Amino acid sequence: MKSNLLFKAPAHCAIALLLLSALMWLLCGFIAAEAVLPKSLEILPLEQMAYIIPRSRNSQTVWRDKYLSMLSPGGRVYFLANRREYAKALSELDKLPKHETGSSLYVKAFCLNGLGRHREAVNAYNQAKSGIDLVFNPGAKFFLHYAAALMDAGQSAQCLKVLNSASGMTGTAESYRRRAKILSNTIARRKLAVVEKSGKYQEAVNGYCKLLFERGAQFSLREPLKADARTRARADLWLKKRALQPSPAKKEESARFWLNCGKAFLALGKVDAARECLAKVVAVEPLVRYPIPTETARAEAGTPLGKCRAEARMMLASLYYARKDFSHCCAQLRSMFLVDPIVDSTFWLCSISMIDVPQLVQQSDVDLHTMTVEHLLDERILEVFGPSRTEYTGPDPFKNDRLLRKARMEMEKRSFSACFDALQAFIETNERLCSSADFYAQPAKTASFMQDYSYRARLLQMGAASAIGKQNWMPGFKSNLPLYKHAAWDAVEDSLLGMHRAKNTKDDRTLSKADFASLWHFAAGLRKMNEGDYRVAANQFTHACSKTSKENDVYVYSRVLLGVCREAAD
């Protein structure tokens with residue numbers, strides 16, 4: 001009966017077979033893609049990928065879920081706490097049969113403080129501290145976290161006592177993390193922050209000055225800011241002839257202008273006007289802003305804008321000190337540190353070390369864990385899943401680069417030698433910039449080149465070289481510059497060389513999945529093209545085109561090289 005019906009309805013049969021074949025084609029395509037892409041997309045160790053918190057809520061959490069499934073119940077609590085999923089960690093902690101050990105109480109206190117329940121956190125820390133024994137014997141970071149909760153709860157006196165306890169442990173330098181000097185400086189700054197928050201501003205000022213002097217800062221708050229007659233005359237003349245105020249968009253010029261105004265007013269004894277101008281210098285937006293304040297301060301140190309801001313802060317601190325306004329003086333002195341002690345407890349040395357919670361985790365969790373991730377979590381939260389951890393205040397510095405545009409046009413015209421030369425000029429020009437004294441003058445441009453464009457241009461140049469027959473021209477991505485390479489580029493280079501992906505990549509930046517996939521396939525296409533296997537190379541270039549937008553250079557180069565390979569294959 002069924003066979004008769006099929007013969008009587010050939011149209012339905014054809015449609016059914018067509019749908020079935022389409023389904024099988026999609027399934028085979030999915031399986032083939034899964035066979036190629038998972039290893040190439042896991043460009044960082046699984047644990048590190050699991051900690052990354054995507055900016056987009058719609059982003060997949062496949063790595064987080066996969067890593068969680070491999071952990072013990074206690075290991076999941078530890079992971080969720082360090083990932084800042086505090087409520088979820090507490091919920092999982094309550095399910096454990098033994099959740100009153102010192103290790104469990106430590107994690108509980110850490111999560112409660114993260115949720116803003118500071119008094120409850122302090123109580124839990126008190127209980128955890130009373131449980132310290134030969135098994136639960138945490139290092140100095142436990143006391144830093146304990147002190148942070150006490151500071152948040154307003155218990156300054158007790159906070160200082162706990163920080164003193166941490167000071168006695170700096171000799172070991174947290175063998176699993178930090179050197180003794182860094183740890184002791186962090187504790188010293190936090191002690192002064194507690195003193196400042198408790199209202200003892202003059203004592204805090206003296207302490208900050210001592211630390212800054214030890215760091216090498218050359219200034220004295222007690223030196224009067226006075227000028228001789230000749231300087232006053234020059235200042236008066238400059239103020240009368242001064243040019244118009246620069247545009248706020250010209251940040252370095254604007255900072256220098258207001259700094260000179262402040263100096264001139266100060267020379268003339270107009271302290272209030274000077275202070276107003278110097279405050280405008282401090283308020284100028286950084287050229288490049290990073291998610292972590294420390295990274296912004298580090299990038300700015302030594303740049304013209306950074307020098308202007310540092311000089312303005314020193315002068316403001318002296319002015320406030322002369323007026324005995326120690327509160328505002330503290331604020332200026334604190335800003336001279338790379339790590340502000342008032343806010344550093346939220347991101348500096350902020351992870352729980354696995355070695356400190358032995359009663360919570362199991363050996364299987366220890367085997368999956370790497371110290372690299374702890375090191376990254378101690379300095380920042382891995383919350384950026386994109387091309388770079390840097391947040392530029394302006395547009396992409398290479399979006400309309402003349403040499404990149406020329407190289408793209410020459411590639412589309414199939415002028416491969418001219419394309420090769422244009423990319424070589426782009427690389428050499430920017431390498432000179434990164435190696436020169438102007439390195440910090442254009443931080444967005446140099447950082448973008450060193451993190452991404454240096455490698456991207458080299459890879460595209462290999463495509464032009466392959467098209468003109470330079471089959472042995474494979475220099476790799478090595479350079480004499482102190483490049484901040486994406487871990488993804490190691491995987492791309494491995495694809496280029498026909499090797500397996502490097503397993504222990506160590507980096508906190510990652511390309512997006514689509515961008516990485518296009519680069520990975522492009523490199524695989526170049527390898528096959530140079531081996532003379534043009535059909536497989538064409539297939540890889542097709543994949544590269546499908547993984548990126550038509551505006552992307554990788555798409556343009558892949559499309560042209562796809563045509564070259566098809567012609568060679570025919």
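Just so you know, these numbers come straight off a predicted model, no measurement behind them. Only heavy atoms go into these numbers, but all of them, side chains included; no hydrogens, no water, no symmetry mates.
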K.L.:
Evaluate the side chain to side chain contact (heavy atoms under 4.5 Å, CB included) criterion for residues Leu459 and Val554: first the C-alpha distance (whole Å), next the side-chain angles of each, then the deciding distance (0.1 Å), finally the verdict.
P.N.:
CA-CA 9 Å; Leu459 187 63; Val554 177; over 6 Å; no

K.L.:
Can you measure from CD (Glu196) to OG (Ser156) and round to the nearest 0.5 angstrom?
P.N.:
11.5 Å

K.L.:
Rounded at 0.5 Å granularity, tell me how far SG in Cys330 sits from CD in Glu203.
P.N.:
10.0 Å

K.L.:
Under a 4.5 Å cut-off applied to non-hydrogen side-chain atoms, are Leu212 and Phe337 in contact?
P.N.:
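Yes, side chains in contact.
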
K.L.:
Return yes if a side-chain donor-acceptor contact under 3.5 Å exists between Tyr86 and Arg84, otherwise no.
P.N.:
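Yes - a donor-acceptor pair under 3.5 Å links their side chains.
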
K.L.:
With a 6.0 Å cut-off (strictly less than), is the heavy-atom count around CZ of Arg405, excluding the residue itself, greater than 12?
P.N.:
yes

K.L.:
Give the C-alpha distance, both sets of side-chain angles, the deciding distance and a yes or no for side chain to side chain contact (heavy atoms under 4.5 Å, CB included) between Leu150 and Lys161.
P.N.:
CA-CA 10 Å; Leu150 288 165; Lys161 290 181 181 179; over 6 Å; no

K.L.:
Is the shortest side-chain heavy-atom distance between Leu377 and Tyr51 below 4.5 Å?
P.N.:
yes

K.L.:
Sub-3.5 Å donor-acceptor pair from the side chain of Glu47 to the main-chain atoms of Thr370, do we have one?
P.N.:
yes

K.L.:
Should Glu252 and Cys308 count as side-chain neighbours, where that means a heavy-atom distance under 4.5 Å?
P.N.:
no

K.L.:
Less than 4.5 Å apart, any side-chain heavy atom of Asp325 and any of Tyr201?
P.N.:
no

K.L.:
Would you sort out whether Phe142 and Tyr106 count as a ring pair (Phe, Tyr, Trp, His ring centres under 6.0 Å), showing the intermediate values?
P.N.:
CA-CA 8 Å; Phe142 167 81; Tyr106 177 15; 4.8 Å; yes

K.L.:
Write down the atom of Gln332, the atom of Ala317, and the distance for their closest heavy-atom approach.
P.N.:
CB-CB, 4.1 Å

K.L.:
Judged by atom type as modelled, is there a donor-acceptor pair below 3.5 Å linking the side chain of Asn552 to the main-chain atoms of Thr548?
P.N.:
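Side chain of Asn552 to backbone of Thr548: no pair is present.
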
K.L.:
Which heavy atom of Ala149 sits nearest to which heavy atom of His118, and what is that distance?
P.N.:
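Residues Ala149 and His118, closest heavy atoms: O-CB, 4.3 Å.
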
K.L.:
What distance do Arg117 atom CZ and Leu112 atom CG have between them, rounded to the nearest 0.5 Å?
P.N.:
5.0 Å

K.L.:
Please tell me if the side chains of Leu423 and Leu404 come closer than 4.5 Å, counting only heavy atoms from C-beta onward.
P.N.:
yes

K.L.:
Hey, can you tell me if Tyr146 and Phe143 have their rings parallel, tilted or perpendicular (30° and 60° cut-offs)?
P.N.:
tilted

K.L.:
Show your working on side chain to side chain contact (heavy atoms under 4.5 Å, CB included) between Tyr320 and Phe326 and close with a plain yes or no.
P.N.:
CA-CA 7 Å; Tyr320 286 126; Phe326 300 118; over 6 Å; no

K.L.:
Any carboxylate oxygen within less than 4.0 angstrom of a Lys/Arg side-chain nitrogen, looking at Asp236 and Arg232?
P.N.:
no

K.L.:
Show me the donor-acceptor pairs, under 3.5 Å and distance only, between side chains in residues 270-280 and residues at least two apart or in other chains.
P.N.:
{"unit_1": "Asp272", "atom_1": "OD1", "unit_2": "Arg275", "atom_2": "NH2", "d": "2.5"}

K.L.:
I'd like to know if the side chain of Ser353 reaches the main chain of Asp356, judged simply by a donor and an acceptor atom lying under 3.5 Å from each other, with no hydrogens or angles considered.
P.N.:
no

K.L.:
Please report the shortest heavy-atom distance between Ala267 and Ala235, naming the atom on each side.
P.N.:
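So the two residues come closest at CB-CB, 3.9 Å.
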
K.L.:
Any sub-3.5 Å donor-acceptor pair from Lys141's side-chain atoms to Leu349's backbone N or O?
P.N.:
no

K.L.:
Do you know which two heavy atoms are closest between Ala255 and Val281, and how far apart they sit?
P.N.:
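Residues Ala255 and Val281, closest heavy atoms: O-CG2, 3.6 Å.
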
K.L.:
Check whether any side-chain N or O of Arg334 sits under 3.5 Å from a backbone N or O of Asp340 as a donor-acceptor pair, and report yes or no.
P.N.:
no

K.L.:
Rounded to the nearest 0.5 Å, what separation is found between the NZ atom of Lys263 and the CE atom of Met315?
P.N.:
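CE of Met315 is found 6.5 Å from NZ of Lys263.
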
K.L.:
Rounded to the nearest 0.5 Å, how far does CG of Leu211 lie from CG of Leu333?
P.N.:
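Those atoms lie 10.5 Å apart.
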
K.L.:
Please enumerate all residues that pass salt bridge (charged side-chain N to carboxylate O under 4.0 Å, His left out) together with Asp553, with sequence neighbours excluded.
P.N.:
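Scan of Asp553 (salt bridge (charged side-chain N to carboxylate O under 4.0 Å, His left out), adjacent residues dropped) gives Arg408.
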
K.L.:
Should the ring pair Phe426 and Phe449 be called parallel, tilted or perpendicular, given that the plane angle runs from 0 to 90° and is split at 30 and 60?
P.N.:
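Taking Phe449 first and then Phe426, their aromatic rings stand perpendicular (interplane angle over 60°).
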
K.L.:
I'd like to know if the side chain of Arg190 and the backbone of Asn185 have a donor-acceptor N/O pair within less than 3.5 Å.
P.N.:
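Such a contact is absent between Arg190 side chain and Asn185 backbone.
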
K.L.:
Between the side chain of Tyr78 and the main-chain N/O of Ile352, is any donor-acceptor distance below 3.5 Å?
P.N.:
yes

K.L.:
Could you give me the CA-CA distance, side-chain angles and deciding distance for Arg64 and Glu85, then say whether salt bridge (Lys or Arg N to Asp or Glu O under 4.0 Å) is met?
P.N.:
CA-CA 12 Å; Arg64 170 190 175 278; Glu85 296 185 52; 2.9 Å; yes

K.L.:
Regarding Ser351 and Glu374, is there a side-chain donor-to-acceptor distance under 3.5 Å anywhere?
P.N.:
no

K.L.:
Under a 4.0 Å threshold between the charged nitrogen and the carboxylate oxygen, would Glu120 count as salt-bridged to Lys108?
P.N.:
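Between Glu120 and Lys108 there is no salt bridge, as every charged N stays at least 4.0 Å from the carboxylate O atoms.
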
K.L.:
For Ala109, does its backbone N or O pair with a side-chain atom of Asn113 as donor and acceptor, under 3.5 Å?
P.N.:
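Checking the backbone N and O of Ala109 against the side chain of Asn113, no donor-acceptor pair under 3.5 Å is found.
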
K.L.:
Any idea which heavy atoms bring Leu305 and Glu285 closest together, and the distance?
P.N.:
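Minimum heavy-atom separation between Leu305 and Glu285: CD2-O, 3.8 Å.
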
K.L.:
State the SG-CZ distance between Cys329 and Arg313, to the nearest 0.5 angstrom.
P.N.:
13.5 Å

K.L.:
Testing the 3.5 Å rule here: is there a donor-acceptor pair between the side chains of Tyr125 and His145?
P.N.:
no

K.L.:
Is the shortest side-chain heavy-atom distance between Leu90 and Leu115 below 4.5 Å?
P.N.:
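Leu90 vs Leu115: side chains touch.
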
K.L.:
Which pair of heavy atoms, one from Gln461 and one from Ile427, lies closest together, and at what distance?
P.N.:
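Closest approach of Gln461 to Ile427: OE1-CD1, 3.6 Å.
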
K.L.:
Under 3.5 Å, side chain of Ser198 to main-chain N/O of Val194, donor-acceptor pair present?
P.N.:
yes

K.L.:
Ignoring hydrogens and angles, tell me if any N or O in the side chain of Arg83 forms a donor-acceptor pair with the backbone of Phe79 under 3.5 Å.
P.N.:
no

K.L.:
Can you tell me if Lys129 has over 12 outside heavy atoms packed within less than 6.0 Å of its NZ?
P.N.:
no

K.L.:
If you apply the rule side chain to side chain contact (heavy atoms under 4.5 Å, CB included), what do you find for Leu163 with Leu144, and how did you get there?
P.N.:
CA-CA 7 Å; Leu163 286 172; Leu144 289 179; 3.9 Å; yes

